Amino acid sequence: MTGKSLFVLPLVLAAATAAHAGGVLAIGSAMPSGDVKMKSVDGKEMSISDVKGAQGTLVVFTCNHCPFAKMWETRIVELGNAYQAKGIGVIAVNANDPSVAAEDGYDQMVSRAKEKGFAFPYVVDATSGVAKAFGAARTPEAFLFDKDGKLVYHGAVDDNGQDAAKVDKAYLKDALDAVAGGKAVPVAETKSIGCSIKFRS
Amino acid sequence: MTAVWLPIAFVLASTVRYLPTPPPPTAPAPVPANAAAVRAEIDKPGASAILVNVWATWCMPCREEFPDILHVAREFKDAGLRTVLVSADFEGMEIEARQFLSEHKVDFATFIKRGKDEEFVNGMHDDWSGALPATFVYDGRGRLVRYWVGKASYPVLKKRVEEALARKENP
């Protein structure tokens, strides 16, 4: 028991120190930075508000270079394309500084979107400001808003990046189904290992 | 003379070309671990501070930071710093992870993350998003002093380790 009480305080302290690190958007929050225009792979300037769907809106922070983003890419594209057709607005946002990884440059995004068949915008967060406003930290990281623009899901695509065949819990798909059907999201927050976003300084 | 040496040179050249030549790994094979196993390593008595670095061979900033992590690990080892390296490489990447550790002359036991991401990430810290690299510094009692995501420079790492070591006198 003494061991345990010794342990609690530091945990609280640690949480307090970490919280200032620019908190992540809490479940229930309104969509931030909705009106920031970002250049999409079709050359058009696009904001998150522009893609808002009648049933909800999915914002995925991703990029070209990150091995985890690549592993989940096909699943992100499949989900994005499928649920866009079901009334969910979908947008993929690359907030990485391409001077850190050249593969994250605009031209490379254009080719990737073409190659993978993105049916939704893939945009450049040119100041990384949108990612910061969301409190996004890694790629890939999904934020799903309901039709009222409230955050209802934040986190991983599913629980197995390495192998789509071994997924136990399709978190994002379940959340999308719930939102598209006007139901409560079963699991609102999840995590996965991923690449840190290479914020522009 | 040339007639003799040419075929020999040819044989040698082709051997060199076709034999895989990575040097044998010198680093111990990383041990599969979940967050509880890493936690146990943090709580093991005998250290004045603990530095945990979660890295992966596919993570560019992790690779760039690695020499500085090791620099600090070696510099403060005698002062009581225990360094716990946890590779987040995928299953099937154990050889690459060990190769990388060997290239950096790691001669102590390290871990490789196994099990569900979510369990591991939350097990390390509730607020950690799972982004790499992630570094956690604990004092000698296993209390977290600081954690952060992203590459840190040698002076920053040094300062943070010193900060944790200094806690020894003020528990």
Side-chain angles (χ1 to χ4, degrees), chain A residues 3 6-24 61 65-71 96 100-104 134-141 154-163 166-169 171 187 189-199 201, chain B residues 35 39 42-43 54-65 86-93 96 113-152 160 163-164 167 171:
Chain A
L6 269 178
F7 201 70
V8 173
L9 179 64
L11 275 181
V12 171
L13 282 177
T17 12
H20 77 97
V24 66
F61 291 91
H65 93 276
C66 168
F68 266 94
K70 283 182 192 166
M71 282 192 318
N96 276 3
V100 178
E103 212 184 324
D104 289 333
F134 274 72
R138 60 165 202 276
T139 54
E141 188 170 349
H154 163 227
V157 175
D158 56 48
D159 68 349
N160 198 326
Q162 199 178 2
D163 191 348
K166 288 189 186 156
V167 169
D168 276 341
K169 297 195 171 95
Y171 299 121
V187 182
E189 280 186 290
T190 63
K191 288 178 181 178
S192 66
I193 291 195
C195 307
S196 52
I197 291 181
K198 313 299 182 280
F199 291 103
S201 39
Chain B
R39 185 69 234 184
I42 295 163
D43 290 335
V54 189
W55 65 282
T57 55
W58 49 258
C59 162
M60 205 169 32
C62 305
R63 298 178 70 105
E64 290 165 1
E65 182 189 43
V86 187
S87 154
D89 279 287
F90 316 133
E91 282 182 42
M93 290 284 288
E96 285 82 354
K113 176 243 150 206
R114 287 294 170 257
K116 294 283 179 201
D117 277 11
E118 173 120 49
E119 216 173 270
F120 180 78
V121 172
N122 283 329
M124 289 304 296
H125 198 294
D126 270 346
D127 291 343
W128 178 33
S129 64
L132 297 187
T135 306
F136 304 80
V137 182
Y138 303 83
D139 69 9
R141 289 184 170 193
R143 299 179 300 186
L144 185 70
V145 179
R146 237 180 228 274
Y147 93 92
W148 66 92
V149 157
K151 177 173 79 164
R160 291 183 176 171
E163 192 179 279
R167 280 234 193 148

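All chains are named by letter (A, B, ...) in the order of the sequence lines, taking the proteins before the strands, and each is independently numbered beginning at 1. All figures in this text were calculated on a predicted structure; none of them were measured in a lab. Heavy-atom basis, side chains included; hydrogens, waters and symmetry copies ignored.
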Q | Engaged part of A:Phe199 at the chain B interface, taking heavy atoms whose separation is under 4.5 Å | A | neither
Q. If you tally heavy-atom pairs under 4.5 Å against chain B, which of A:Arg138, A:Lys191, A:Met71 wins?
A. A:Lys191
Q | Best-contacting candidate, A:Ala156, A:Ala136, A:Pro67, A:Ala137, against chain B by heavy atom pairs under 4.5 angstrom | A | A:Pro67
Q. So do B:Pro61 and A:Lys198 actually touch side chain to side chain, heavy atoms under 4.5 Å?
A. yes
Q. Between A:Lys70 and B:Trp58, does a side-chain contact (heavy atoms from CB on, under 4.5 Å) hold up when you go through it step by step?
A. CA-CA 12 Å; A:Lys70 283 182 192 166; B:Trp58 49 258; over 6 Å; no
Q) How about B:Glu119: does its CD atom have over 12 heavy atoms from other parts shown lying under 6.0 Å from it? A) no
Q | Worked check of side-chain contact (heavy atoms from CB on, under 4.5 Å) between B:Lys116 and A:Asp168 | A | CA-CA 10 Å; B:Lys116 294 283 179 201; A:Asp168 276 341; 3.6 Å; yes
Q | Minimal non-hydrogen separation, B:Glu91 against A:Gln162, with atom names | A | O-NE2, 2.8 Å
Q) Which atom pair, heavy atoms only, marks the closest approach of A:Ile193 to B:Lys113? A) CD1-CD, 3.8 Å
